[in-house]
Asks: 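I'd like to ask you about the structure that follows.
Quick note: numbers below take in every heavy atom, side chains included, and nothing from hydrogens, waters or symmetry partners. Numbers here are sequence positions counted from 1. When a ligand or atom number is given, it counts from 1 through the structure's own listing order.
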Amino acid sequence: MANISEKLTSQLPQGLVDLLREIGETALARGENSYLVGGVVRDAILKRPNHDLDVVIEGKAISLAQQLAETKDWKIRKHPRFGTAKLSWEDFSLDLVTARLETYSRPGALPTVERGTIGDDLARRDFTINAMSVHLNPDSFGELLDPHGGQNDLQHKLVRILHPGSFSDDPTRILRALRYEQRLGFRLEQETERLIRNHPGKLNTVTGERLWRELEMILQEEYPEKTLKRADELGVLQQLHPAVKGDEWLAEKFDQARDLDDKSLSLPSIYLSLLCYRLSNEETESCITRLKMPGWAARALRDTIRIKQSISHLDKADIHPSDIYLNLQCHAPETVMSTATASDSPVIQERLEIYLKKLRYVKPVLSGEDLQNMGIIKGKRVGQVLWALHAARLDKKISNLEEEKTLARELLHTTT
Ligand code: ATP
């Protein structure tokens with residue numbers, strides 16, 4: 001049996017390796033076996049950074065997690081219904097789960113779960129490359145358990161399901177397969193690909209929430225357009241919504257959005273707006289409903305529809321920066337960014353970018369309170385004068401506090 005403790009030691013921070021050894025010892029003292037599983041094992045073999053530790057216990061994961069948390073100053077979140085616990089400290093987190101045996105009553109349904117062995121737990125997993133585990137027991141620390149040939153598939157760069165019924169048990173694995181394939185630069189194993197190509201409609205049996213979770217994970221990838229393109233090619237993307245496309249246009253726009261490189265904005269939200277940019281209002285609404293999108297995502301898409309309807313005049317020649325600001329300030333910056341990327345008009349694109357890079361940060365120095373202290377105005381007029389100062393700043397008619405005060409006094413005279 002291969003031992004990958006050296007790979008783990010070179011890939012993980014020393015503190016995490018010590019922690020894994022401690023888990024192994026503590027579990028053994030309780031008469032339980034413990035194993036590192038899933039993505040971190042795959043990535044240790046591939047030498048890819050991954051610090052998300054998933055540990056399976058043949059025993060009582062929650063009680064073990066509690067014991068570990070008590071000896072240190074760690075936070076613990078327990079999920080008794082699933083027999084799982086999450087320990088967290090500083091930037092790291094560790095999931096401890098009780099080994100489970102899963103059976104599916106019908107396609108797309110959630111599985112029935114019982115306690116099982118590590119063998120059962122690996123057999124319920126999605127792909128061979130994710131179905132390996134590493135012993136944490138002190139006398140066998142680092143030994144690889146690979147009952148489904150994951151190491152061989154890693155070598156040959158293949159994403160392979162564990163059994164022919166896998167996609168029927170859980171069709172979300174179709175999207176997961178494409179995500180791993182594109183992230184890792186692998187290929188779908190022949191039979192796995194055939195099953196996807198011939199039965200993309202299996203995704204119809206999946207609830208909106210679960211489809212959304214998978215789409216969200218795709219949008220969090222470094223290059224989501226690769227997975228979306230592949231999903232389009234295989235007829236899978238159309239199962240999310242018939243009008244959504246993963247084509248060259250999308251790839252180009254995602255690339256441009258990354259190039260604009262504004263760390264204050266959420267890229268997944270920009271990607272989502274771009275993905276749905278070419279949909280009609282009705283199509284957008286049906287997509288929101290089908291995928292049971294959470295509030296932020298539905299808001300992002302509806303904001304995209306609104307901005308598309310309201311910016312056509314932004315390409316006029318005689319427009320002031322304050323007009324641009326007034327038009328865009330009610331939209332999320334992510335929406336402005338996706339529209340800047342998607343718009344066909346270079347003039348509109350440029351103006352949206354000016355708003356994002358400069359105009360949205362321009363503010364007058366004087367506050368409403370300052371204006372009241374200067375004397376005369378109250379209520380609605382305060383707002384009017386403030387906006388006049390703001391607009392003058394945006395249009396570069398004034399550029400310092402003194403000029404603001406002078407303008408404010410002039411306005412106070414004319415508006416009282
Ligand atoms: P990532 O690198 O994306 O975080 P991961 O492999 O850690 O990858 P998770 O989504 O955190 O992925 O899932 C952890 C593990 O649980 C996976 O490696 C896989 O073994 C298993 N798993 C997750 N989702 C499924 C599923 N739908 N069907 C079967 N096994 C799954």
Side-chain angles (χ1 to χ4, degrees), residues 8 11-12 16 35-57 61 79 82-86 88 91-104 107-113 116 118-134 144-151 153-154 159-186 192 195-196 202-203 205-207 209-224 226-227 236 268:
L8 283 179
Q11 283 300 113
L12 294 175
L16 289 190
Y35 306 86
L36 187 63
V37 291
V40 69
V41 177
R42 172 197 75 220
D43 288 339
I45 298 173
L46 290 174
K47 302 201 172 113
R48 287 172 66 94
N50 184 344
H51 298 169
D52 290 336
L53 301 185
D54 287 310
V55 168
V56 166
I57 307 295
H79 302 282
F82 302 104
T84 68
K86 193 181 220 30
S88 47
D91 292 344
F92 294 115
S93 71
L94 160 73
D95 286 299
L96 283 157
V97 312
T98 302
R100 47 207 271 187
L101 170 69
E102 290 184 350
T103 36
Y104 289 83
L110 289 174
T112 313
V113 178
I118 185 67
D120 297 328
D121 200 281
L122 294 178
R124 76 179 173 88
R125 288 175 185 264
D126 44 9
F127 311 112
T128 60
I129 57 171
N130 287 343
M132 294 179 278
S133 70
V134 172
L144 185 72
L145 201 64
D146 178 16
H148 304 282
Q151 228 188 348
D153 283 339
L154 279 182
V159 177
R160 182 197 305 266
I161 42 175
L162 303 195
H163 58 92
S166 182
F167 291 135
S168 299
D169 284 349
D170 179 356
T172 63
R173 291 172 185 163
I174 294 176
L175 290 166
R176 293 179 65 83
L178 308 186
R179 188 159 60 83
Y180 288 118
E181 179 194 48
Q182 297 305 312
R183 182 204 294 173
L184 301 172
F186 281 22
T192 303
L195 285 170
I196 295 180
K202 279 194 191 326
L203 277 167
T205 59
V206 177
T207 61
E209 285 94 338
R210 297 191 70 213
L211 283 183
W212 166 253
R213 219 175 304 138
E214 292 303 326
L215 177 60
E216 201 179 9
M217 286 199 276
I218 292 173
L219 297 178
Q220 284 163 357
E221 290 287 315
E222 197 175 354
Y223 300 106
K226 293 186 181 178
T227 306
V236 170

Asks: Name the closest protein heavy atom to atom 13 (O) of ligand 1, giving the residue it belongs to and the distance to 0.1 Å.
Replies: Arg176 NH2, 3.7 Å
Asks: May I ask you to identify the nearest protein heavy atom to atom 8 (O) of ligand 1, giving residue, atom name and distance to one decimal place in Å?
Replies: Tyr180 OH, 3.1 Å
Asks: Starting from the C-alpha separation in whole Å, work towards a yes-or-no answer on side chain to side chain contact (heavy atoms under 4.5 Å, CB included) for Asp54 and Leu94.
Replies: CA-CA 6 Å; Asp54 287 310; Leu94 160 73; over 6 Å; no
Asks: Could you pull out the closest heavy-atom pair between Ala99 and Ile118, with the gap in Å?
Replies: CB-N, 4.2 Å
Asks: May I ask which of Ile161, Leu162, Leu53, Asn130 has a heavy atom nearer to atom 18 (O) of ligand 1 than the others do?
Replies: Asn130
Asks: Run the numbers for me: atoms of ligand 1, each under 4.0 Å from some heavy atom of Arg179, listed by number.
Replies: 3 (O)
Asks: Identify the residue among Arg173, Arg42, Arg176 that makes a salt bridge (charged side-chain N to carboxylate O under 4.0 Å, His left out) with Asp126.
Replies: Arg176
Asks: Should you measure from each heavy atom of Arg183, which atoms of ligand 1 turn up under 4.0 Å away?
Replies: 1 (P), 2 (O), 3 (O)
Asks: Below the 3.5 angstrom mark, is there an N/O of Asp52, backbone or side chain, next to an N/O of ligand 1?
Replies: no
Asks: Under the side chain to side chain contact (heavy atoms under 4.5 Å, CB included) criterion, do Lys202 and Ile196 qualify, and how do the steps go?
Replies: CA-CA 9 Å; Lys202 279 194 191 326; Ile196 295 180; over 6 Å; no
Asks: Which ligand 1 atoms, with their elements, are less than 4.0 angstrom from a heavy-atom of Arg124?
Replies: 29 (C), 30 (N)
Asks: What protein heavy atom lies closest to atom 14 (C) of ligand 1? Include the residue and the distance to one decimal.
Replies: Asp54 OD2, 4.0 Å
Asks: In terms of atom number and element, which parts of ligand 1 are under 4.0 angstrom from non-hydrogen atoms of Gly38?
Replies: 18 (O)
Asks: Test Tyr35 against Val134 for side chain to side chain contact (heavy atoms under 4.5 Å, CB included), laying out the working first.
Replies: CA-CA 5 Å; Tyr35 306 86; Val134 172; over 6 Å; no
Asks: Please write down residue, atom name and distance for the protein heavy atom closest to atom 19 (C) of ligand 1.
Replies: Asp126 OD1, 3.4 Å
Asks: Salt bridge or not for Glu222 and Arg183, using N-O below 4.0 Å?
Replies: no
Asks: Provide, to 0.1 Å, the distance between atom 27 (N) of ligand 1 and the closest protein heavy atom, together with that atom's residue and name.
Replies: Asp170 OD2, 2.8 Å
Asks: Of Leu215, Leu203, Thr227, which is the lone residue that meets side chain to side chain contact (heavy atoms under 4.5 Å, CB included) with Leu175?
Replies: Leu203
Asks: Looking at Gly39, which atoms of ligand 1 are within less than 4.0 Å of one of its heavy atoms?
Replies: 6 (O), 7 (O), 18 (O)
Asks: Are any non-hydrogen protein atoms located under 4.0 Å from atom 24 (N) of ligand 1?
Replies: yes
Asks: Listed by chain and number, what are the side chain to side chain contact (heavy atoms under 4.5 Å, CB included) partners of Leu162, not counting sequence neighbours?
Replies: Thr128, Ala131, His148
Asks: Quick one: which of Arg173, Glu214, Arg125 has a heavy atom closest to atom 21 (C) of ligand 1?
Replies: Arg125
Asks: As a test of the contact definition, would atom 3 (O) of ligand 1 count as having a protein heavy-atom neighbour under 4.0 Å?
Replies: yes
Asks: Decide, yes or no, whether a salt bridge links Asp121 with Arg100 under the criterion of side-chain N to carboxylate O below 4.0 Å.
Replies: no
Asks: Starting from the C-alpha separation in whole Å, work towards a yes-or-no answer on side chain to side chain contact (heavy atoms under 4.5 Å, CB included) for Val55 and Val97.
Replies: CA-CA 6 Å; Val55 168; Val97 312; over 6 Å; no
